[in-house]
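Here is the structure we will look at, set down as structure tokens.
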Amino acid sequence: MEQMQNQGPPTTPQRVGQIANLPASLKSTPNSNGTAATSEHLGVPIIDAVSPALFEDIRNHEKRPADIVLGAFLVLCLDEKANNNIEPEDLVKKYLKAVLPICNEMDSQLHSYLKEYVSITSEETTRYKPFVFAFNHALEKLQTVECDELRSPSELNIMFHRNDPKYIVGMHDGGRSSRKPDVVLASLDAVRAAFKTKQDALSKPPDDTWKGFAYKTAGEHPRGNFDWGGIVSSQEFKKNKNITSTLPGSYESDAPCGVIDPQPLPNTRQDADGEICFTEEAEELQQRAPAEVPAPDSGKPEVLPPRRSARLVSSSDPNPMQQQLHSSSSLMASGGGSSGKRKREAKLQKSKKMRVYEHIKLPKRIPAMLQCAAYAAERMSYGFWVTHVINLVIVDDVAYVWYYDNENSVQSFGINFIKDLPYFLVLLLAFQRFDSQNWGEMKEFKQVKTAQTKIQKAKTPTTSQTSSPEGEEEIITLHFSAPESGTPELQFKLCQNGKICGHYGLKGRCTQVLKTTSSSKDPRNRTKTLEAVEMVSKLYWPQASRTPEAEILERARMAGEKAEHNHIKGHLPDLIYTRDFDQYSTNHIRDLLGMETEGGKRVLRWIVYRKLYPITDLIGKEFWRIFWECFRCHLHLWRDGIRHCDISVSNLMYDKDYNRGILNDLDLAQLRDRLPPSGTERTGTMPFMAFDLLQEPAWHGHVEREYRHDAESFAWVLLWICCGYKNGAEIRPRPRPLQDLIQHNFQATHKEKMERATNLNHENLRPTTSYDVDYYNVATSLIHIYHTRHVAAAKPKPLRSNNPQTKKNEVEFNRPGSKHNESVDIDTELQIWRRELEELGFHTVEI
């Protein structure tokens, strides 16, 4: 496992990227574009950095007519006791008539505020108040509409409430993100909570009834702050022009909804630093003049340091103002692409008289569509029980409904709430009757969280990552019966604030891992208890068509039992319990909207494992031993027909109890006898994926997965760990050469990896003192080989024979993904690895 004793320094010729003489200080996820590719290594989701990934998440979103969306939402509100055979189209027609008296009450407060709304010609922020008051009055009127088939209004008692300029804070990777929705739709309890501040004991609280808030405070921001768990929907406004629409003399129930096409995606371009920006910010990003920004909370002027890429700013950045500059447009003048807020905040900036270095760019203006997507991502990452989010983008007098879940996003055609007011009130009628589950909260988790949450004072000071803002740990207790009849009830406690692995994004598996405890009997062996077992819960959204991870693990376990070696047995994760929540499948809403699922529906899967620890906790020879145990486990699984297909830093673990390496996360694994068509799924974690898999042919399913692809991933993982970790902790900010591998699409990732492979001697790409320099040299030597082979394969290969059949065979063999002897391919790959290890002095490494 280690270098031979009495072995001198490597005598092999120095290869690209190897270090011959070290300084004295150095001693010996179906992969998708977008947030699915960046979340694992993201840290705090700074809006400038994540907006390109969010753009990829919604790039291929679905579009549905407004009346179809309204019909689907009304079906979700059907009373279980009522006649559920009524068609969605008939429901829409019926309730258009039902809301007509409210629309035609011309002297109502609703009409008064709508007239005020259309008359506003000043900045965007002045539109919030009349919008909020108008439709809160509408919500009160809708309480009285007779709805035979629908449920009664929800106990949530929702209302619109202004939020801007207040921030809603999210917790990510130990740091905090800040977002600033213009308006939110929140429950009465959430609004009450947002007005509870430390000053409440000294001041008279507001009228805390629904009317007290909806008609008095809702037009202004709250005294405190909302949180992502309390609001049910966010609204982002965009003022493009003055409104020319006028309220008609009367509304007709049979008038068709005006056809307003969905918003087009914003155009993108690259700025001078090669970062993605959008057309509505393009002119601003050209400017390099000194900028003036608001002072931090202390009120003391502070000169900002030179700008770094937003991708490099982390929660641990020692300069808080540097974080403020790049974190979330909330602390800058961008205002989510809202011209009114930018003008207002620009005045504030000038009053502070703060000079900034000339080369600092002005903040990016993020389009309202992407701001709204960012709010959805925040809410979905807030709690593992959030299944979907519904937000609104308000452009002048048109509302666009956005529905986000782990499969894809859906945008409705626009509803003009001035000209087509009845249609918008039908939308609010449905919203008013939505229960927590309709708003995306799982009953099995959320209800228990509300009723049975145990708040326990921490015995020792806790970090922001494992505690609530008040320094308390939040435990969610789950009670349910196991599927097998006659078995006792199981109880698990999940620590929501103690996330081991979180996720920020809108699409994909969106894996979250939480600390878990239980005092129940072990469901695998009722003679044992789980009380002393360290456990974690893995919650994620796989495609239902994929082979379940539990089945793959069982097959891998059986392969290990039959094998004459111990390279598999004992090197697999220990699964304790698993359960799917099919009732929250992503196909339900798509059935109502008349849509096909994209690549198969997704379901929430919950798996409880015995706790493992990341390989990055280890250093030196112990790390080296565990790395090769994981490598050998992967190799022999592949020989037995189980293809892992997602080698990454987070999937190489070790078991503290037995001191051995564990190959983790087989949820994307392929079974050789049960491959998808042509075995060409595009799975993996992009920074570690093989060159060949980051190209158009592979991304479109024309390249079959081979062993060499996963072997190449091991080389990239080894490089990442050697240069990115020290003493068991990740270096923050990461070295730029590694950070640049985290891109939002496969094209950009391929480009960065090609550039890195041609410059492995980069001054910032050096192993830390925790790892032998020759570990690093092994990685760079192998990456150099893979890069050379990839470049050569891209060139046309001359045919060596004039025989037509021979030519055909040679072309077939050279084609990416061509069929040939897999066992020979594995042996050929291992020969390359053995040769490089031996040339670097690692003669005892067994592979």
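This structure is a prediction, so every number in the text was calculated from the model and none was measured. Residue numbers count from 1 along this sequence.
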Non-hydrogen atoms of Val132 and Arg162 that approach each other most closely: CG2-N, 4.1 Å
Pair Phe384 + His503: ring centers closer than 6.0 Å: no
Side-chain heavy-atom pair Asn163, Ile231 within 4.5 angstrom cut-off: no
Over all atoms of both residues, closest heavy-atom pair of Gly249 and Met106: O-CE, 2.6 Å
Ser234 side chain to Asn391 backbone, donor-acceptor under 3.5 Å: no
Mutual orientation of the aromatic rings belonging to Phe431 and Trp439 [parallel < 30°, tilted 30-60°, perpendicular > 60°]: tilted
Interatomic distance, Cys147 atom SG to Tyr95 atom OH [nearest 0.5 angstrom]: 4.5 Å
Donor-acceptor contact present, side-chain Asp420 to main-chain Ile415, <3.5 Å: no
Lys166/Glu220 salt bridge by N-O under 4.0 Å criterion: no
Donor-acceptor pair, side chain of His388 and main chain of Asn438, under 3.5 angstrom: yes
Ile589 side chain reached by Val410 side chain, heavy atoms, under 4.5 Å: no
Beyond-backbone contact of Leu425 with Val145, side-chain heavy atoms, under 4.5 angstrom: no
Side chain proximity check, Asp405 to Thr387, heavy atoms < 4.5 angstrom: no
Flag for Asp207-Thr209: side-chain donor and acceptor within less than 3.5 Å: yes
Side-chain (Asp57) to main-chain (Leu506) donor-acceptor, under 3.5 angstrom: yes
Intermediate values then yes/no, side-chain contact (heavy atoms from CB on, under 4.5 Å), Tyr404 and Cys372: CA-CA 10 Å; Tyr404 310 89; Cys372 216; 3.8 Å; yes
Atom pair CG/CE of Asn136 and Met159 - distance to nearest 0.5 Å: 6.5 Å
Lys239 vs Phe237 side-chain heavy atoms within contact, under 4.5 Å: no
Step-by-step side-chain contact (heavy atoms from CB on, under 4.5 Å) determination, Glu124 to Asp182: CA-CA 10 Å; Glu124 174 199 290; Asp182 297 329; 3.6 Å; yes
N-O pairing of Lys211 and Glu140 below 4.0 Å: yes
From CZ (Arg127) to OG1 (Thr121), nearest 0.5 Å: 9.0 Å
Close side-chain approach of Glu116 to Phe133, heavy-atom, < 4.5 Å: no
Ring geometry between Phe195 and Phe213 (parallel below 30°, tilted from 30 to 60°, perpendicular above 60°): tilted
Residue of the set Ile390, Val386, Ile168 for which side chain to side chain contact (heavy atoms under 4.5 Å, CB included) holds with Arg379: Val386
Aromatic ring pairing Tyr382/Trp385, orientation class (parallel under 30°, perpendicular over 60°, tilted between): perpendicular
Ring centres under 6.0 angstrom apart (Tyr113, Tyr117): no
Ring geometry between His161 and Phe226 (parallel below 30°, tilted from 30 to 60°, perpendicular above 60°): perpendicular
The single option from Phe424, Tyr215, Tyr128 passing ring-ring contact (aromatic ring centres under 6.0 Å, His included) against Phe135: Phe424
More than 12 heavy atoms from other groups under 6.0 Å of NZ on Lys63: yes
Separation of Leu150 CG from Leu74 CG (nearest 0.5 Å): 6.0 Å
Asp396 vs Lys241 side-chain heavy atoms within contact, under 4.5 Å: yes
Within-4.5 Å side-chain heavy-atom neighbours: Met369 and Trp402: yes
Donor-acceptor contact below 3.5 Å, side chain Gln411 vs main chain His61: no
Nearest-0.5 Å distance, OG of residue Ser108 to NZ of residue Lys141: 6.5 Å
Value rounded to 0.5 Å, distance of CG in Leu185 from CD1 in Ile158: 4.0 Å
